Amino acid sequence: MAGPRHSIRLIATVATAALVASCSGVAAPAAPSTPTQAAASAGAATSAPPGGSWPATVPDAWLVVGRPAQPNLDVIEASTAESLMQLPPVVPDLTWGHLLEATPEGDRTVVRRLDIASGVDDARIVLDGHWRLPTIGSDPASVGLSVDRSTTALVEDAADATSSAARNVSRFMVVDLSRGRAPKLIELPGSFEFDAISPDGGALFVVEHLDAAAGGHYQVRVVDVASGRLQDYVIVDKTKPDEPMAGWAIEQQRLDSGIVLTVYRGAEHPFIHALDTVHAGAVCIDLPATRQDDADAAADWGLARSPDGRTVYAVNATIGVAVDVDPVALSIRRTSTIAPASAAIVLAKFGHQDAGATGRRVVVSPDGRRIFAANRSGIVELAASDLSATRRLLSGTRIDALGITPDGKGLFALRHSDGRVVRLDVTTGAVVAEVPGSGYDRLLAVVPWEP
């Protein structure tokens, strides 16, 4: 999505104006706070240049970030923290060139697709009620769009969902973005959450909670979208059909093949629930158990796919485990044990974790050779060839989220202590710049446009 700076700025202005105009009756998103000079990271191995100014030799980039209590996102220029575009939660394509959004407008919700390059909306569908794009676990990235981009599934917003829960009903809205079919309201008796949608949008997969306990037992069910009917059968692990499922969803990877991988904190050990949304089947892939699996650190699992799509990496750098998952055979090919982040980390039992929606914990370099995993004491770099730990960056600094530039030369990291974003040079491992301002709680992407 490369293009002249001025054209993207113009499109960003048009897109922001359209967003505010479409939200009549709703306050416009708050602008980012005034940039302040950046401070050096306490405990970091290296620090940004004095004064926090962005060095002229460091390439600029555009970041998708968020702030506490603000559901909307900002696309900012890293060097200045200037807001280029304000967006509601969106489902992007890989280039962030095409976005799907569901925006409140009074008592209705407007669903539309935006082409960033042209600023043109190719769908604008108005729904009664308050609906939003779903999320999975602690990952703030929105989901719900089918692989063929023809259909989206929405869930109720918080207030309406609470009302439905009081009536022991779960409600979903499935929208045909081509307008070939009317939006389909699906009401299910019981407690259900969105899990996935089939590649063509014909089937909705939902998690049915069987008890009220956090991380309690659940099962995966299928809804035929055309009829709105919940199928009688339950999707079980075909290798262990009698084993009940229980756990807390953390993060999800959706593959073009229709396979959806969700990493869970299990009561006994972590696992990946591999759901085949084409054939309505599933396999549970057990991840290595360690002595810390019943602790807060179990929430630090992250998933990332290789650029060629042939590998999905599951990494928990806090407890020191990296796994190479074959997304076709749905099995573990390799496992690596690396030294945990720090023996001094104080871990809490389940239910008391200090975790929030921050963004991706694991990213893969564009050339597929390096894996970067954030943890509670820095960043671990792994070699994709053998999953060995090759470097540790920002030692002693808790990192909540990572983003890598399209050329693979720059790594952005969100610090937990102050909500600042720093840029590291991948070659040297040094912090070479800081984004002005602080208080960010989400880093979702480095947008692959040309600044």
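Keep in mind that what you see is a predicted model, and the values were worked out from it rather than measured. Positions are given from 1, in the same order as the sequence printed here.
His130 is linked by a side-chain hydrogen bond (donor to acceptor under 3.5 Å, both in side chains) to nothing, counting only residues two or more places apart in sequence or in another chain. By the salt bridge (Lys or Arg N to Asp or Glu O under 4.0 Å) test, Asp93 is found to be paired with no residue, residues two or more places apart in sequence or in another chain being considered. Taking Glu381 as the reference, Thr390, Arg391 meet the side-chain hydrogen bond (donor to acceptor under 3.5 Å, both in side chains) condition, with sequence neighbours excluded. Qualifying salt bridge (Lys or Arg N to Asp or Glu O under 4.0 Å) partners for Arg181, counting only residues two or more places apart in sequence or in other chains: Asp176. By the side-chain hydrogen bond (donor to acceptor under 3.5 Å, both in side chains) test, Thr109 pairs with no residue at all, sequence neighbours left out. Listed by chain and residue number, nothing satisfies the side-chain hydrogen bond (donor to acceptor under 3.5 Å, both in side chains) test with Thr427 (two or more places apart in sequence, or in another chain). With sequence neighbours left out, Ser306 forms a side chain to side chain contact (heavy atoms under 4.5 Å, CB included) with Asp308, Thr311, Tyr313. Every residue two or more places apart in sequence or in another chain that forms a ring pair (Phe, Tyr, Trp, His ring centres under 6.0 Å) with Phe271 is listed here: Tyr264. Residues meeting the salt bridge (Lys or Arg N to Asp or Glu O under 4.0 Å) test with Arg305, sequence neighbours left out: none.
Arg67 places a side-chain N or O within donor-acceptor distance of the main-chain N or O of Ser438, the cut-off being under 3.5 Å. A distance-only check finds a donor-acceptor pair linking the side chain of Ser170 to the backbone of Gly190 [under 3.5 Å]. Checking side-chain atoms of Arg361 against main-chain N and O of Asn375 turns up no donor-acceptor pair under 3.5 Å. Between the side chain of Ser146 and the backbone N or O of Thr151 there is at least one donor-acceptor pair closer than 3.5 Å. Of the possible donor and acceptor atoms, none in the side chain of Thr152 sits under 3.5 Å from a partner among the backbone N and O of Val175.
Within the structure, the salt bridge (charged side-chain N to carboxylate O under 4.0 Å, His left out) test picks out the following pairs touching residues 150-164 (sequence neighbours left out): Glu156-Arg171. Among pairs with a residue in residues 222-237, those fulfilling salt bridge (charged side-chain N to carboxylate O under 4.0 Å, His left out) read Arg229-Asp232, at least two apart in sequence or across chains. Listed by first and then second residue, the salt bridge (charged side-chain N to carboxylate O under 4.0 Å, His left out) pairs involving residues 317-327 are Asp324-Arg333, Asp324-Arg334, Asp326-Arg333 (not counting sequence neighbours).
A distance of 14.5 Å separates CD1 of Ile404 from CZ of Arg360, quoted to the nearest 0.5 Å.
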